[in-house]
Novice: 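Quick one: structure below, then a few questions.
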Amino acid sequence: MTEREVRVRFAPSPTGPLHIGGVRTALYNYLLARKLGGKMLLRIEDTDQNRFVPGAEEYILEALAWCGIVIDEGVGVGGPHAPYKQSERKPMYKQYADQLLADGHAYYAFDTPEELDAMRARLQAAKVPNPQYNSITRTQMRNSLTLPEDEVKGLLDSGMPYVIRLKVPRKEEVRFQDLIRGWVVVHSSAIDDKVLMKSDGMPTYHLANIVDDHLMEISHVIRGEEWLPSAPLHVLLYRYLGWEKTMPQFAHLPLLLKPDGTGKLSKRDGDRLGFPVFPLEWRGIDAETGEPTLSRGYREDGYLPEALVNFLAFLGWNPGSQQEIFSMDELIQAFSIERVSKSPAKFDQNKVKWFNEHYLRAKPNAELAPYLLKALEEQNILCSPARAEQIVSVMKERVSFPQDFWQEAQYFFQAPGSYDEAVVSKKWNPQVSAALAAYADALPGTSEMTAEDLKARFSQTMEAQGLKTGQVLQLLRVAVTGRAAGPDLFETLAILGPTEVAARLRVAITTLG
RNA sequence: GGUCCGUUCGUCUAGGGGUUAGGACAGUAGAUUUUCAUUCUACCAACAGGGGUUCGAUUCCCCUACGGACUACCA
């Protein structure tokens, strides 16, 4: 067999914001495509018109772009197999269903939803272990296998609603090799006669998926484990359509679980535990109450995309080395499907936060400064980019998110309105007050002074006052910034400048006595 | 219920017939920073249980337990 071009696809359905688990699936697809020099496609699976959510498609595109996942072909970029949205490919599917029909691998079924419910109820009452529409029960239903040919024709001609179902063989082992799990074997009796074409003329996921993957020449299907049970059905479809030789390879990814307890990670967990489960913020409408809803996003919560991507990559995969920090390019180099683990992973909020802090600290000040500048602009505070860079430079070691810069650095722009109570009541006294007054007097009336000089002047002053610097240091911070903690004190004073520092000290001395 | 998948520190995981079972996050302690944070160091902490196979099993096999997914004219 000749080497086939690697083509993978991410195929979400536009039923709402993209779940973080979906982002990881997209990421793994992308990493494999890039690693193997292949193509990454994006296909929108919107065959269920009832579940269409406005804005979801745009959301998916924006989320992937934010994460740095580049689509080579598909929705949003086009390509040789356009259209890439299944609703726009509707006319293409019928012929394949017809082919299956003609070959005796599918049949028409006219059962109403009520009849189907009744059938399941009957089977359940009879304690049938696995109630389903299958090789046994189909003989008792209204379909082209049980009805006389002319009656079927009549029903079809009369416009009677119908579906097309796959005729799954009664006794047959269906097997395929999963790249992550090895051989998976399922007996055909466990698979039911899945609907291929719905009564509204749209294909179901099962048919559309196989047809599109084949037409788009997909080489690897990488998707969540929730698809594992239906994979044998898909294998059957490839076989009946005559496409088995070019059937893609399957890889079923382990699921992402809630951080506490067990179970699949869901939107509710994010709300309950206070962390986002979506890459971007999403404003939706509650399906039940009709109330507008707001779901938090990693982007809006201050996570850097490279941190999220690095974290997500490690949820179910590892390079086998001790290295933890990976850029997208490094991930591409290191990635291999064989090293994806089989077992599900719990979502760890601490770890994402740690990755974020890491990437924040690694970022150049010039890239961080805009975050602070933006907050300042909202507050109508003027600040030069150079000064903002100085501030983020001393601040970035101690924050977790970009929005913390403004929160933690306010005192660079506003004199403190109050002073840390605990420190003042414990350490403030007339001697300290006098010493700080002396320091204020010792500062030159200039706007600039280095941290070293500021420190030297402070030491000299304290010595002259007969105090140890350690006794006064924290009070100096409180008097100037109002806070008990912060970045290097003399760096802080240097950014403020001696004039401002002296002024603030005098206010503090007046206020605190 | 049935089918399928899974199970190494609290979490993400490495490893693999003989190892002091390794790393990271979190936690704890110490050092540095005459403050807090950062950083550094140390500590804590795991092979679900039971049977086999074997000289030897955490590793291979079986069973049990537990967890999960699926079981729609949803994807």
Side-chain angles (χ1 to χ4, degrees), chain A residues 11-15 45-48 50-51 86 109 111-113 116-117 120 124 127-133 161-165 178 180-182 184-187 189-192 194-206 208-209 223-232 252 254-255 257 259-264 311 314-325 339 341-355 357 361 395-400 408 420 423 427 459 462 468-478 483-489:
Chain A
S13 66
T15 53
E45 311 227 325
D46 55 349
T47 51
D48 187 353
N50 300 320
R51 297 211 309 162
Q86 290 183 330
D111 316 279
T112 64
L116 291 171
D117 287 345
R120 288 188 196 103
Q124 252 156 26
K127 300 252 194 290
V128 172
N130 195 14
Q132 57 182 14
Y133 205 119
Y162 68 90
V163 300
I164 297 174
R165 284 181 182 272
D178 188 279
I180 294 169
R181 287 150 213 286
V184 176
V185 185
V186 178
H187 194 89
S189 63
I191 304 170
D192 61 350
K194 282 272 182 295
V195 170
L196 263 21
M197 293 293 290
K198 299 186 265 190
S199 56
D200 64 1
M202 275 295 233
T204 57
Y205 166 81
H206 302 293
N209 171 262
R223 62 209 333 181
E225 193 189 332
E226 66 267 30
W227 295 109
L228 195 49
S230 55
H252 290 93
L255 261 19
L257 268 25
D260 66 338
T262 51
K264 194 159 68 160
F311 167 74
F314 271 70
L315 230 42
W317 170 86
N318 78 84
S321 70
Q322 307 273 74
Q323 187 182 347
E324 301 258 356
I325 301 299
R339 292 203 66 89
S341 61
K342 298 180 179 58
S343 48
K346 283 185 192 164
F347 199 86
D348 185 352
Q349 305 164 60
N350 281 326
K351 202 100 183 224
V352 221
K353 195 177 165 202
W354 177 79
F355 273 113
E357 288 165 347
R361 278 158 208 163
M395 223 72 205
K396 69 179 177 184
E397 296 290 310
R398 47 197 312 110
V399 300
S400 300
E408 293 296 312
D420 188 280
V423 175
K427 296 184 176 170
S459 302
M462 291 309 112
K468 283 190 189 153
T469 54
Q471 293 173 266
V472 197
L473 204 67
Q474 201 176 12
L475 275 329
L476 172 59
R477 179 188 293 283
V478 170
R483 303 208 187 183
D488 184 89
L489 183 48

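We name chains A, B, ... by the order of the sequence lines, and we start the count at 1 in each one. What you see is a predicted model, and the numbers here were worked out from it, not measured in a lab.
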Novice: I need the CZ-P distance between A/R339 and B/rC12, as an integer number of Å.
Specialist: 17 Å

Novice: Base, sugar-phosphate or nothing for A/R483? Non-hydrogen atoms, less than 4.0 Å.
Specialist: nothing

Novice: Taking only the side-chain heavy atoms of A/Q474 (C-beta and beyond), determine which of B/rC73, B/rU35, B/rA75 contains the nearest atom.
Specialist: B/rU35

Novice: By nearest atom, which of the nucleotides B/rG6, B/rA14, B/rG10 is closest to the A/D348 side chain?
Specialist: B/rG10

Novice: Between A/F355 and A/F314, how do the two ring planes meet: parallel, tilted or perpendicular, split at 30° and 60°?
Specialist: tilted

Novice: Rounded to whole Å, how long is the line connecting atom CD1 of A/I325 with atom P of B/rA24?
Specialist: 12 Å

Novice: Going by purine N1 to pyrimidine N3 plus the second Watson-Crick contact, or the G-U wobble pair, all under 3.5 Å, which nucleotide sits opposite B/rC43?
Specialist: B/rG27

Novice: How would you label the contact of A/R223 with the nucleic acid (heavy atoms, under 4.0 Å): base, sugar-phosphate, or nothing?
Specialist: nothing

Novice: Which atom names give the shortest non-hydrogen contact between A/H252 and A/I180, and what distance separates them?
Specialist: O-CD1, 3.5 Å

Novice: Can you tell me the distance, in whole Å, between the NZ atom of A/K346 and the C1' atom of B/rG6?
Specialist: 13 Å

Novice: Give A/S341 one of three labels, base, sugar-phosphate or nothing, depending on what nucleic acid heavy atoms sit under 4.0 Å from its own.
Specialist: sugar-phosphate

Novice: Considering every strand shown, what is the Watson-Crick or G-U wobble mate of B/rU58 when both distances are under 3.5 Å?
Specialist: none

Novice: Of the nucleotides B/rC25, B/rA69, B/rA72, which one has an atom closest to the side chain of A/R120?
Specialist: B/rA72

Novice: Can you say whether a donor on the side chain of A/K264 sits under 3.5 Å from an acceptor on the base of B/rA69, or the other way round?
Specialist: no

Novice: Could you work out which one of B/rG6, B/rC73, B/rC12 sits closest to the side chain of A/A345?
Specialist: B/rC12

Novice: Please work out if A/L489 contacts a base, only the sugar-phosphate, or nothing of the nucleic acid, heavy-atom cut-off 4.0 Å.
Specialist: base

Novice: Rounded to whole angstrom units, what separation is found between the NE2 atom of A/H252 and the C1' atom of B/rA75?
Specialist: 13 Å

Novice: For B/rG22 and B/rG15, measure between their P atoms and round to the nearest Å.
Specialist: 14 Å

Novice: Here's a test for you: under side-chain contact (heavy atoms from CB on, under 4.5 Å), which of A/R165, A/K198, A/K194, A/M197 qualifies with A/T204?
Specialist: A/K198

Novice: Counting heavy atoms from C-beta on, name the nucleotide in B/rC4, B/rG1, B/rC73 closest to the side chain of A/V184.
Specialist: B/rC4

Novice: Indicate, with a heavy-atom threshold strictly under 4.0 Å, whether A/V399 touches base, sugar-phosphate, or nothing.
Specialist: nothing

Novice: Please name the pair of heavy atoms, one in A/N318 and one in A/G320, separated by the smallest distance, quoted to 0.1 Å.
Specialist: OD1-N, 2.7 Å

Novice: Now, which nucleotide makes the Watson-Crick or G-U wobble pair with B/rU38, with each of the two distances under 3.5 Å?
Specialist: none

Novice: Using both distances under 3.5 Å as the test, list the Watson-Crick or G-U wobble partner of B/rU3, or none.
Specialist: B/rA69

Novice: Write down the distance between CG (A/N318) and P (B/rA14), rounded to a whole number of angstrom.
Specialist: 4 Å

Novice: Can you identify which nucleotide, out of B/rA24, B/rA69, B/rC74, has its nearest atom closest to the A/E324 side chain?
Specialist: B/rA24

Novice: Which whole number of Å gives the distance between the P atom of B/rG52 and that of B/rG2?
Specialist: 28 Å

Novice: Name the nucleic acid region contacted by A/T47, choosing base, sugar-phosphate or nothing; use a 4.0 angstrom heavy-atom cut-off, strictly under.
Specialist: sugar-phosphate

Novice: Nearest to the side chain of A/P229 - B/rC70, B/rU38, B/rC5?
Specialist: B/rC70

Novice: Is A/N209 touching bases, backbone alone, or none of the nucleic acid, heavy atoms closer than 4.0 Å?
Specialist: nothing

Novice: B/rU33 pairs with which nucleotide, Watson-Crick or G-U wobble, both distances below 3.5 Å?
Specialist: none

Novice: Could you work out the separation of B/rC12 and B/rG18 based on their C1' atoms and round it to a whole Å?
Specialist: 28 Å

Novice: Among the nucleotides B/rA75, B/rG68, B/rA24, which one has an atom lying closest to any side-chain atom of A/W354?
Specialist: B/rA24

Novice: For the side chain of A/R181, starting at C-beta, report the closest nucleotide among B/rA69, B/rC12, B/rC5.
Specialist: B/rC5

Novice: The side chain of A/Q322 lies closest to which of these nucleotides: B/rU38, B/rU35, B/rG23?
Specialist: B/rG23

Novice: Check whether any side-chain heavy atom of A/D48 lies under 4.5 Å from a side-chain heavy atom of A/T15, and answer yes or no.
Specialist: no

